[in-house]
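Numbers here are sequence positions counted from 1.
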Amino acid sequence: MKTKFNGKCLRGIQELGNHYIMIAGEEAGPASNKMGGIWNVINEEAHTLAALFDSGKLRAKENTEILIAGPYFGHIGADWNRGLNRVTNMEGLSPLSVDGELEKSLKALENEGIKIFTGEEMVGETRIGYLQFQTSDFGKIRSSYMGKEMTLESLVKAEAFELLGLDSLRYESLPNGAEYTHYLSLSYSISELIRLLTGSAPRTADTWAEEEAGRDLLPCPGISLHCHEFGTFYAPARLKKLGIPINTVATLHATLPGRAAGYNSIQKRRNNDSTWPSGVPENLASLEAFARYADTVTAVGESTRQEARLFYGINGIVIRNGITIESENIDWNRKERCLMRIRNFLSENLYRYYGGEKIEPEKIIPIFTISRIEVENKGYPDLLDSLVSLEHIIRNSIMEGHMEERIKVICFLIAAEGPKANLPEGFPVHLPKDILVGNELRLQQMIEERNLDFTKLVRGKRSVAAVLYPQIISPDDGGLDMGVRDFMAGCCAGVFPSRYDPFLLTGLEAGREGTPSVVSRVCGFSDAIKTIESLIEGMGGVIVVDNIDLSYYETVLDYSLAVSYFIRNFVDDRVKYKLLCREAFLLAKDMDWEKPVEQYYELISGARFCAQENSSS
């Protein structure tokens, strides 16, 4: 017996000629001077979805368009976070070609005073539109609410209080008030565009309840909204309160209480301890809790799913992150070129700035880690202590004749408080302390305390060193001047010892370049490996270290042993090393974006709802 639903879709949604899939997040895309982050995920989701539509692997509804929504930072200083200094770069995009409801809605939004910077690109026959909202001037735009004259920023906050009880008067006075206000304004802009697209008249929660009492509303596929992270979660909450029943998905890449607890979050989950640790920003957490208003909540890893249930009482499902790999094989010539570039750079600059006997480039083995500059959460103490242990392993191997005497292992620590300009020649080998700030100074001090700086390396007293690379790595970063992919390709191995990491996308990014890696058990990436472990024989290209149940000293030793395993094969058995590289590559290839995007599309398309609605008993 087929199920029949009596609910009706909103008239405005029914009349839409296009199906809009909007993917939203707080990032300064489509390109900005910021490394990685949520933008990579949003960008890959949109392009993979477009490619699946274009290839016919996914059947798109007629006139489906993909829209990416985020903030616009037009110049240095426009970002609410002055330290990041993100600048949005939309060069290379074509002008957004709009007509019909979208054109009318964008004009109506601009009439409200909301500036939108747009662009588009094509993936085959499928268009991806970019909508970047400028929120920095909301406090200057005149508007009115409930018959009272006020700024647009005040309107957003007044409505949010009425709809959801957000106490912006208190929240904006907190130290991170500018961040909170920006997220609220961005989410408002996104949801307001959707409201205009549906043709819904402005109304309050109370008036909507009076008009629609007893009416069973059913989601329809005119518009679908996928929000990444708490900066945009007010959008589905506002739409729900306004009674606009579009399909919504909220994806958590972490939780704020979980981040604040860091590696202690493991124990909190085990003890079912839902108390929040100190340091959780109350205003941002109130936005994160709005994930519960979405039709579906997803998490990128099991630990994040458990945190959402523990701290917010939100039940969700896990949809992992992925990676896009277009090539079928590793470009070994490219890897060799990138390796030699790194080696030559280190050899020349070590001799230039530290003297001593010049180290032959062929004797240098570069490894790396790359992450946000969260010292404890990202496991930097563990990494540096493991490099000290690695020093002893390599020295013993040299003494026993198992490794060449002049081998030098140099580990890049790529972590920065923000992008830097006007860097000195030889950076980061030449690294004056006056260019370091905040946790950069702390990391440099930790390197020196463990005698892992270059001074002893060039004198032949050490075989292992660490170099801080406090910059957003790029082809014109003032250092190696290499793109992050070329840099990863040129290193012998990646080391990612996170004590708290919801997924660890960088592990997949290293694998894409055919670079093996060592990862911690705590990250979601290690959970995801288990689901496809049977697909790849050996799995030696990614080594998982148990940093949950082992003692600290055992964990540190396992990191150093894992790295020495890659180094030993790199030096003595290139055939086996290439097999390890290929295993890392195949693992990343098996964890591509297609499956997660198909899962997201199934959640946000609404096809099943409408199929049920149109069926008869």
Side-chain angles (χ1 to χ4, degrees), residues 22 24-28 69-88 105-118 131-196 200-205 225 227 229-242 244 281-290 293:
M22 188 178 294
E26 155 53 27
E27 196 45 86
Y72 180 82
F73 304 121
H75 55 84
I76 290 178
D79 192 345
W80 60 265
N81 188 329
R82 300 294 189 266
L84 284 179
N85 274 330
R86 291 171 293 182
V87 177
T88 304
S105 299
L106 289 173
K107 287 182 178 178
L109 205 63
E110 290 190 343
N111 288 337
E112 292 183 25
I114 300 175
K115 293 181 183 177
I116 314 128
F117 295 82
T118 65
L131 307 173
Q132 307 299 133
F133 298 90
Q134 181 173 301
T135 66
S136 56
D137 54 359
F138 273 33
K140 304 173 186 175
I141 299 168
R142 301 306 301 172
S143 188
S144 64
Y145 181 71
M146 306 290 281
K148 295 181 180 179
E149 293 291 324
M150 60 183 68
T151 65
L152 180 57
E153 183 179 294
S154 296
L155 178 155
V156 171
K157 293 174 180 176
E159 187 199 55
F161 179 78
E162 180 187 0
L163 292 178
L164 291 149
L166 274 177
D167 188 1
S168 296
L169 190 62
R170 182 165 62 90
Y171 287 164
E172 67 185 1
S173 65
L174 297 178
N176 63 341
E179 181 179 7
Y180 163 80
T181 298
H182 165 70
Y183 294 150
L184 192 65
S185 299
L186 175 63
S187 291
Y188 173 89
S189 301
I190 293 167
S191 61
E192 185 66 359
L193 174 59
I194 292 172
R195 184 190 68 77
L196 290 165
S200 301
R203 53 185 68 167
T204 66
L225 175 63
C227 292
E229 283 288 68
F230 64 87
T232 55
F233 286 174
Y234 174 63
R238 178 175 183 259
L239 291 168
K240 183 77 73 173
K241 284 293 185 178
L242 292 177
I244 302 173
E282 181 186 355
N283 48 8
L284 304 187
S286 68
L287 299 179
E288 189 166 74
F290 287 156
Y293 286 97

Exercise for the section: Please find out if less than 6.0 Å separates the ring center of Phe73 from that of Trp80. Expected result: no
Exercise for the section: Go through Thr232 and Leu225 one step at a time and tell me if the side-chain contact (heavy atoms from CB on, under 4.5 Å) criterion holds. Expected result: CA-CA 10 Å; Thr232 55; Leu225 175 63; over 6 Å; no
Problem - Qualifying residues under salt bridge (charged side-chain N to carboxylate O under 4.0 Å, His left out), relative to Glu26, sequence neighbours excluded - result: Arg86
Handout entry: Atom pair CG/OG of Leu152 and Ser144 - distance to nearest 0.5 Å
Key = 10.5 Å
Practice task
Only counting residues at least two apart or in another chain, list the ones meeting side-chain contact (heavy atoms from CB on, under 4.5 Å) with Glu110.
Solution key: Ile116
Handout entry: Parallel, tilted or perpendicular: ring planes of Tyr234 versus Phe290, cut at 30 and 60 degrees
Key = tilted
Exercise for the section: Only counting residues at least two apart or in another chain, list the ones meeting ring pair (Phe, Tyr, Trp, His ring centres under 6.0 Å) with Phe161. Expected result: none
Handout entry: Spacing of CG belonging to Asn176 relative to OH belonging to Tyr171, to within rounding of 0.5 Å
Key = 11.0 Å
Completion exercise
Scanning both residues in full, the closest heavy-atom pair of Arg195 with Leu239 reads N-CD2, 4.5 Å
Practice task
Kindly determine whether Asn283 and Leu287 satisfy side-chain contact (heavy atoms from CB on, under 4.5 Å), including the steps that lead there.
Solution key: CA-CA 7 Å; Asn283 48 8; Leu287 299 179; over 6 Å; no
Problem - Heavy-atom pair of closest approach, residues Tyr72 and Gly74 - result: CE2-CA, 3.3 Å
Fill in the blank from the handout: Interatomic distance, OG1@Thr181 vs CD@Glu179, rounded to 0.5 Å, equals 10.0 Å
Handout entry: side-chain contact (heavy atoms from CB on, under 4.5 Å) between Met22 and Ile194, intermediate numbers included
Key = CA-CA 9 Å; Met22 188 178 294; Ile194 292 172; 4.1 Å; yes
Exercise for the section: Kindly give the heavy-atom pair with the smallest separation between Ser105 and Leu193, and that separation in Å. Expected result: CB-CD1, 3.8 Å
Handout entry: Sub-4.5 Å side-chain heavy-atom contact between Ser286 and Leu166
Key = yes
Handout entry: Glu162 side chain to Tyr145 side chain, donor-acceptor N/O pair below 3.5 angstrom
Key = yes
Practice task
Would you give the length of the straight line joining atom CD of Glu192 to atom CZ of Phe133, rounded to the nearest 0.5 angstrom?
Solution key: 10.0 Å
Practice task
Would you please test Ser143 and Thr151 for side-chain contact (heavy atoms from CB on, under 4.5 Å) and show each step?
Solution key: CA-CA 5 Å; Ser143 188; Thr151 65; over 6 Å; no
Practice task
Before accepting this row, confirm whether a basic side-chain N of the pair Glu282/Arg170 lies closer than 4.0 Å to the acidic partner's carboxylate O.
Solution key: yes
Handout entry: Side chains of His75 and Val87 in contact at under 4.5 Å (non-hydrogen atoms)
Key = no
Handout entry: Distance-only donor-acceptor check, side chains Tyr180 and Ser168, under 3.5 Å
Key = yes
Practice task
Identify the two heavy atoms, one from Arg238 and one from Leu164, that lie closest to each other, and give their separation to 0.1 Å.
Solution key: N-CD1, 4.3 Å
Exercise for the section: Look up atom CD1 in Ile114 and atom CG in Leu109, then write down how far apart they are to the nearest 0.5 Å. Expected result: 4.0 Å
Problem - Heavy-atom pair with the smallest gap, counting every atom of His182 and Pro71 - result: CE1-CB, 3.6 Å
Problem - Exercise: identify the closest heavy-atom pair between Phe233 and Glu288 - result: CD1-O, 3.5 Å
Practice task
Check whether the side chains of Ser154 and Lys148 place a donor and an acceptor atom closer than 3.5 Å, and report yes or no.
Solution key: no
Exercise for the section: Look up atom CD in Gln134 and atom CD1 in Ile141, then write down how far apart they are to the nearest 0.5 Å. Expected result: 8.0 Å
